[in-house]
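All remarks here apply to the structure that follows.
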Amino acid sequence: MNDSRLSRRALIAGAGTAALAAPALAKLGGMIDLGLPGGPGLRPLSPAFPGKGEMIVQRIRPPLLETPMEAFAKGIITPNDRMFVRWNWPFPTEVKAAEHRVAIGGAVKQAVSLSLDEIAGAGEHVEIVAINQCAGNGRGLSEPRVTGTQWGNGAMGCAKWTGVRLRDVLAKAGLAEGAKRVRYAGLDVTLTEGAPQFIKSLPMDMAMRDDVLVAWAMNGEPLPILHGFPLRIVVPGWFSTYWVKMLAAIEVLTGEDDSHYVAETYRWPSVPVTPQAKDFPTVPITAMPPRAFITSHADGAVVAKGEPLTLEGFAFGGDAALERVDLVGTGRGGGWEIPCDLGPDEGGQYAFRRWSVRLPQVAGDFEGIGVRAKNVKGAVQPESLVWNRSGYARNVIERITLRAQ
Ligand SMILES: Nc1nc2c(c(=O)[nH]1)N[C@H]1C(S)=C(S)[C@@H](COP(=O)(O)O)O[C@H]1N2
Ligand SMILES: [Mo]
C-alpha cells in the first residue's frame, strides 16, 4: 500500500519517457511505487484510457491496468472507471450489440445462436455483488519472485453484476446426455499463429449454480468495452480467469477440457512446493481464499503517540461469507490479536466488507501489523506466503509498520 508520489522532476521525466511510448500516456498524471520486493516498483499512473479514471499502467496493449489501493478506501463498490483491466489477447474495440450472437453447441439437444434480447429473455434477471479478482493479484509481491504480470494488490474490485443465470441460457439449447463441462470463449483474437485462444470452462455443478451469470451490466451500466461488452460470465467466489468477457461462444463438453488455459496454465500445486520443486501434481485455480487490507494507513505512516488510534479497511471471505477480521501483530510478549468490528453487510457473501478497530492508546511503533480475515468455512489467512511459481491466489496476511511520534 505504498503510494509515494515522485518529486516533480522525476514526474516530468517520467511523463517524457512515457509520451514516447504511447499516446495513451500523454496525459500521464504521475508515477506510483508498488513497493515490489526487488523492484522495479514504479509504474505510470494514467487517466487516459477510455472510460477510466486514474489507473496504474502495467501494460498498454492489450491493456493491463491496476487499481490504486486508495480506490478501495471509500466504500465496498469499485466504480467502473476504477475497476482493474486485464486481457490476455487483443480484442475488438467496438462491438455492435444488434449483431452480437452467442453460439451454443457441443453436447446440446439443439445448437442455437442467441441475440442479446434472447439472452435477456432466457430467464429471471439476477443482481449480485461480487469480487472480480485476478488469480495473479499481488503476484509482484512474491518472494522469491515469479514470472507474469507484476501486479501489486490492485488486480481486484467489487461490483454489482446484472444478468441471467448461465443455466437458463444453456436451457435454450438443452443439455445432451453425458454433458460434463461448459466451455466458453470471447471475441478476443490471438496475436501469433497457433497460439491458444483464451477459452475457459466450468464443471457442470458450477455452471448450474444459482449465482453463475451471463451478465450485461456492471454497477447498473452496460458493461464497458474494457470489461467485456456486451456480455461476460460472472462466477462469484471464483477467480476472474473464469469470468470470460465479450462472451461469443459456449460449447458443452462430455469429457475433460484439454485446452491450454485450463489444462496447462491457471493451475497450481495440489501439494506444498518449494521454489526448487520440479514434478508435482497440479489442480486448476478455482475458489478464492479470504483476504483483508488496511486502507486508513499506508506502510510507514506516522501515528500520534499516547493518543487513541482507529484503523480501517476492507476484507472478503472469498468463496464463502466473511466470519471475522482480527488485527494481528507481534510484541515483546509474542503475537497478539484484537478482533475488529465488521461494517454492515452491504453486498452479501461475495462482496467486500468494511472493518474497523479502535485502539485506546498508541504506546509505540507498530512493527509489521496486519489484518487477518477468516470465512465461515473456516479458511483463514496464513502467516507466511504459500509460494507457487505463478504467484497465484496470494492471501498471506499483508503487514505494514506504523511509526509513533
Ligand atoms: N475474453 C476474455 N475474457 C477474460 C480475459 C481475457 O483475456 N479475455 N481475461 C480474464 C482474466 S485473467 C481476468 S483477471 C479478468 C479481468 O477482468 P476485468 O478486465 O473486467 O477486470 O477477465 C477474464 N476474462
Ligand atoms: Mo487474471
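Remember, it's 1-based here, ligands and their atoms both numbered in the order they're listed.
Contact check for V212 versus Y242: no side-chain heavy atoms found under the 4.5 Å cut-off. Put simply, the side chain of R43 reaches to within 4.5 Å of the side chain of L36, judged on heavy atoms. For the pair W151 and L34, the minimum side-chain heavy-atom distance is 4.5 Å or more.
At the top of the distance list for atom 24 (N) of ligand 1, counting protein heavy atoms only, stands W243 O, 3.1 Å. N88 ND2, 3.4 Å is the protein heavy atom nearest to atom 9 (N) of ligand 1. Scanning the protein for heavy atoms near atom 21 (O) of ligand 1, the closest one is F84 O, 2.6 Å. Atom 23 (C) of ligand 1 has its closest protein heavy atom at S240 O, 3.2 Å.
Side chain of E367 to main chain of T330: no donor-acceptor pair is present (N/O by atom type, distance under 3.5 Å, no hydrogens or angles). At least one donor-acceptor pair closer than 3.5 Å links the side chain of N219 to the backbone N or O of T78. One N or O on the side chain of W87 and one on the backbone of L226 form a donor-acceptor pair closer than 3.5 Å.
In this structure, F72 has its ring center at least 6.0 angstrom away from the ring center of F293.
Close approach of ligand 1 to N132 is summarised as follows: ligand atoms under 4.0 Å from at least one heavy atom of the residue are 17 (O), 18 (P), 20 (O), 21 (O). Proximity to V85 (heavy-atom distance under 4.0 Å) selects the following atoms of ligand 1: 19 (O). Near C134, the atoms of ligand 1 lying under 4.0 angstrom from a non-hydrogen atom of the residue are 14 (S).
Ion pair K180/E256 flagged as a salt bridge, since at least one NZ, NE, NH1 or NH2 atom sits closer than 4.0 Å to an Asp/Glu carboxylate oxygen.
No N or O atom of F198 sits closer than 3.5 Å to an N or O atom of ligand 1. Polar contact check, Y266 against ligand 1: no nitrogen or oxygen pair lies under 3.5 Å apart. In terms of polar-atom proximity, K245 is counted as a contact of ligand 1, with an N or O under 3.5 Å from an N or O of the ligand. The distance criterion of under 3.5 Å between nitrogen or oxygen atoms is met by R86 with respect to ligand 1.
The closest heavy-atom contact to atom 17 (O) of ligand 1, among the options R232, M83, H227, comes from R232. Evaluated by nearest non-hydrogen atom to atom 2 (C) of ligand 1, the leading choice among D188, T241, T78 is D188.
The proximity of L187 to ligand 1, defined as any non-hydrogen pair under 4.0 Å, does not occur for either the backbone or the side chain.
Checking S259 against D257 by side-chain atom types alone, a donor-acceptor pair falls below 3.5 Å.
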